[in-house]
Amino acid sequence: MGLQEQKQHFSVNLLDWYMVNRRDLPWRRHNNPYFTWVSEIMLQQTRVDTVIPYFNRFIGNFPTVQALAEAPEEDVLKNWEGLGYYSRARNLQAAARQVMELHGGEMPQDKPAVFALKGVGPYTAGAILSIAFNQPQPAVDGNVMRVLSRYFLIDEDIMKGSTRVLMEELAGELIPEGRARDFNQALMELGALVCTPKAPHCLTCPVMEQCSGRIAGRELTLPVKTKAKPPRPEQRLVAIVEGRGAHRGQVLVRQRPDTGLLARMWELPHVLAAPAAASKKAAPLADEPAMALLAGSLWAEGFAARPEGLATHAEHVFSHIVWSLQVYKCTEQDQSSELPLIAAEARAAYDAQAATREGTASSSAVSPESDTMHSSEPGTPNAQNIATSLNDGEMLAPSDVSDLVLSTPTLTGKGDGLTYRWIGPEDMDKMAFPNIFLKLISSYFAGAYDQVND
DNA sequence: AAATCGGGGTG
DNA sequence: CACCCAGATTT
């Protein structure tokens, strides 16, 4: 068969199949460019079933571009909580403000203007232009590259940028006249429902007859894709600090920096236990030094807390990092009278353990990442900085750690400080937390860590 | 071109 | 357990 014939077979049969088999999805019920836009951002690297409830709630709370543009960013982030890739939420709102200022609140319809919106790349621009405005632009995502690589037996590595460009040219040629809206969605629908990654349903595929990949027996080996680098392991020590006195019934949380991992999300305080010098692998730290490090870090950030014992272990997997968390239940201590005692005990506990470990034992650095830290909450103890030159993941000699634990906090009054807050259960519905901390804090408020072993 | 950026479903 | 998902942005 000729290539042109193969292309026509594909377009005609795929489109016919889609008109019968298309799913009824919330963003397909109205032809609203704003709905299309929001859905496409949410669907980036995220499954349809996951997105549906988020989309419905988001549109309910922010029904128009203007409503989104005028909302507090905190509310937008809260609506994104648990969906991941939180820069999507912040970019989406920034783009809504772009649309208000540059386009009077109406979605632009020309490619340069759509592409210029924050968070809109090659795929999403094509998706918006074709789905919302029926413009003959390709929308090449992972589904499309998988379908095309199989049907046309394309051996190019789909991780390469040049391959995506090649696919876009091909996908553009396949769009039937005047049918970009349906055809582009058909292409993705086929990838999601039939031409699936591991076990494609070739027997029910509308284009199986002329699928070069299937005919060659290559449907399971396509697309060609270089393997991703495995995520690096990190051991982290987490504090659930139970408030006393004025903070009774509350727990200590902090907000992450404006950029980087989980930007502007709230979390429990935690420190990185640096990998052992020899193996360079993250390994659990014994409870005593772990609690000493945690007490020392909290102290250095302006909080007096006594670690009581291990509450639980937890794991959180990112694309590029795996957090193994040791979670310790701590209690807030009276600042003036008991703090020196806490520091001394922390040092004694650390030294006792360090003596039993060979060479350079595991140690810690402040987190998150390389940001310097100090408390900025009025009413808390003095703002301090543990060590401005200390980067996340750097090694510390045990003696340095002891010094840190015993060091007298000093005000720096500079740099981007993290905001710490004491919160109760009622505060959880306004602040956005990553899922791992959402679970840990909810469990704490539910009484799950009431008794710990110390 | 390679890293960074979440979280969960699937075989 | 590995793989991948309606990718974009930064370096």
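Numbers restart at 1 for each chain; the letters A, B, ... are given by sequence-line order, proteins then strands.
The separation of C:dA6 from B:dT4, taken at their P atoms, amounts to 24 Å, rounded to a whole angstrom. Taking atom C1' on both C:dC3 and B:dG6, the two are 16 Å apart, rounded to the nearest angstrom.
Ranked by how close their nearest DNA chain C nucleotide is to the 5' end, A:Arg28 and A:Phe115 are led by A:Arg28. Across the interface with DNA chain C, nearest-nucleotide mapping of A:Arg146 and A:Arg164 shows A:Arg146 to be the residue nearer the 5′ end. Between A:Ala199 and A:Pro434, the residue anchored nearer the 5' end of DNA chain B, judged by the nucleotide with its closest heavy atom, is A:Pro434.
Using cut-offs of 30° and 60° on the angle between ring planes, the pair A:His247 and A:Trp422 is parallel. The aromatic rings of A:Tyr151 and A:His9 sit parallel to each other, their planes meeting at less than 30°, with 60° as the upper class boundary. In this pair, A:His270 and A:Phe437 present their aromatic rings parallel. The plane angle is below 30°, not in the 30 to 60° band.
A straight line from CD1 of A:Ile52 to P of B:dG8 spans 16 Å, rounded to a whole angstrom. Atom-to-atom, CD of A:Glu40 to C1' of C:dA8 comes out at 14 Å; the value is rounded to the nearest Å. Rounded to whole Å, the distance from CE on A:Met188 to C1' on C:dA6 is 5 Å. The CE atom of A:Met265 sits 14 Å away from the P atom of B:dC5 (whole-angstrom rounding). For A:Tyr54 and C:dC5, the OH to P distance is 20 Å, given to the nearest whole Å. Between the CD atom of A:Gln44 and the P atom of C:dC5 there is a distance of 14 Å, given to the nearest Å. To the nearest angstrom, C1' of C:dA6 lies 15 Å from CZ of A:Phe183. In this structure, the NZ atom of A:Lys227 is 9 Å from the C1' atom of C:dA2, given to the nearest Å.
In this model, the phosphate group of B:dT4 is not approached by any side-chain N or O of A:His320 to a distance below 4.0 Å at OP1 or OP2. Distances shown here put a side-chain N or O of A:His316 below 4.0 Å from the OP1 or OP2 atom of B:dG7. Between A:Asn184 and C:dA6, a side-chain N or O to OP1/OP2 separation shorter than 4.0 Å is absent. Within the structure, every side-chain polar atom (N or O) of A:Tyr85 is placed at least 4.0 Å from both OP1 and OP2 of B:dT4. Between A:Gln45 and C:dG7, a side-chain N or O to OP1/OP2 separation shorter than 4.0 Å is present.
Test A:Phe62, A:Trp80, A:Trp27 against A:Phe55 for ring-ring contact (aromatic ring centres under 6.0 Å, His included) and you get one pass: A:Trp27.
A:Leu220 comes within contact range of no nucleotide atom at all, as no heavy-atom separation falls under 4.0 Å. Among the heavy atoms of the strands lying under 4.0 Å from A:Gly260 are primed sugar atoms or P, OP1, OP2 only; no base atom is included. Among the heavy atoms of the strands lying under 4.0 Å from A:Thr124 are primed sugar atoms or P, OP1, OP2 only; no base atom is included. Here A:Val51 lies out of heavy-atom contact (under 4.0 Å) with every strand. A:Ser319 comes within 4.0 angstrom of a base, heavy atoms only. Using a 4.0 Å heavy-atom distance criterion, A:Thr46 is classed as a base contact. Using a 4.0 Å heavy-atom cutoff across all strands shown, A:Lys118 reaches sugar-phosphate atoms only and no base atom. Residue contacts shown for A:Leu262 are limited to sugar-phosphate atoms, with no base heavy atom under 4.0 Å away.
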Go through the steps to decide whether A:Arg28 and A:Glu189 satisfy the test salt bridge (Lys or Arg N to Asp or Glu O under 4.0 Å), and finish with yes or no.
CA-CA 13 Å; A:Arg28 286 180 177 169; A:Glu189 198 88 332; 3.1 Å; yes
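Distances from the side chain of A:Lys225 to the nucleotides C:dA6, B:dG8, C:dC4 place C:dC4 closest. The side chain of A:Asn435 lies closest to B:dG8 when the candidates are C:dG7, B:dG6, B:dG8. Closest contact between the side chain of A:Ala192 and the listed nucleotides B:dG7, C:dA6, B:dC5 involves C:dA6. Side-chain proximity of A:Lys198 to B:dG6, B:dG11, C:dC5: nearest is B:dG11.
Side chains of A:Met431 and A:Glu74 form a contact here, defined as non-hydrogen atoms less than 4.5 Å apart. A:Trp37 has its side chain within reach of A:Leu92: a pair of non-hydrogen atoms, C-beta onward, lies under 4.5 Å apart.
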